[in-house]
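Let me begin by presenting the structure, written as structure tokens, before commenting on it.
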Amino acid sequence: GNGYIEGKELENFFQELESARKGAGMDSKYDNLGDKMKEFMHKYDKNADGKIEMAELAQILPTEENFLLCFRQHVGSSSEFMEAWRRYDTDRSGYIEANELKGFLSDLLKKANRPYDEPKLQEYTQTILRMFDMNGDGKLGLSEMSR
């Protein structure tokens, strides 16, 4: 929740990354996860603080996957955030439901000039919900979305 991947989160990230690579049939040139982490951090931890920031993470992910950075750039201040919240909470329920989130992400991707299709948009919507829907109710409250 602090905007960085660090410590145990970083270890878990590497374990999941390596597992996904193996699942995709990609060979690892490292037997030791520690060696892989060192090379990775040397390559992507631009400010050498031992943490991966959102901007650094965006450099790691394929372009189509870094829509979270796009969101962060689109909504820079708290007033812009509240403006976006009011615009996309179309039923004025105080929550951003999945269909409203999908509309937001669609507009965001169009604004960023990033191509997408309906399955990819659905995947992005579910990813955001998995990441930020802390109480599992299928919608984002103001405190969840502001994270």
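Just so it is clear, the model here is predicted, and its values are computed rather than measured.
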Using modelled atom types and a 3.5 Å cut-off, is there a donor and acceptor pairing between side-chain atoms of [X] and backbone atoms of [Y]?
X	Y	result
Asp133	Asp137	yes
Asp45	Gly50	yes
Lys139	Gly136	no

As an exercise, state the distance from [atom1] of [X] to [atom2] of [Y], rounded to the nearest 0.5 Å.
X	Y	atom1	atom2	value
Leu140	Phe104	CG	CZ	10.5 Å
Glu9	Ile52	CD	CD1	11.5 Å
Thr125	Leu105	OG1	CG	5.0 Å
Phe132	Leu101	CZ	CG	10.0 Å
Leu121	Tyr116	CG	OH	5.5 Å
Asn99	Thr90	CG	OG1	6.5 Å

Query raised in the report: Sequence neighbours excluded, which residues qualify as side chain to side chain contact (heavy atoms under 4.5 Å, CB included) partners of Ser93?
Result: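 Only Asp89, Asp91, Tyr95, Glu97 meet the side chain to side chain contact (heavy atoms under 4.5 Å, CB included) criterion with Ser93.
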Requested in this report: Check side-chain hydrogen bond (donor to acceptor under 3.5 Å, both in side chains) between Lys102 and all other residues, then give those that pass, not counting sequence neighbours.
Outcome: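 Counting only residues at least two positions away or on another chain, Lys102 forms a side-chain hydrogen bond (donor to acceptor under 3.5 Å, both in side chains) with Glu118, Gln122.
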Query raised in the report: Among all residues two or more places apart in sequence or in another chain, which pass the side-chain hydrogen bond (donor to acceptor under 3.5 Å, both in side chains) test with Arg92?
Result: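 By the side-chain hydrogen bond (donor to acceptor under 3.5 Å, both in side chains) rule, Arg92 matches no residue at all.
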Query raised in the report: Below 4.5 Å, heavy atoms only, C-beta onward: do Met37 and Glu11 meet side chain to side chain?
Result: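 Yes; the side chains approach each other to less than 4.5 Å.
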Requested in this report: Write down the atom of Met41, the atom of Lys51, and the distance for their closest heavy-atom approach.
Outcome: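 It is CE-N, 3.9 Å.
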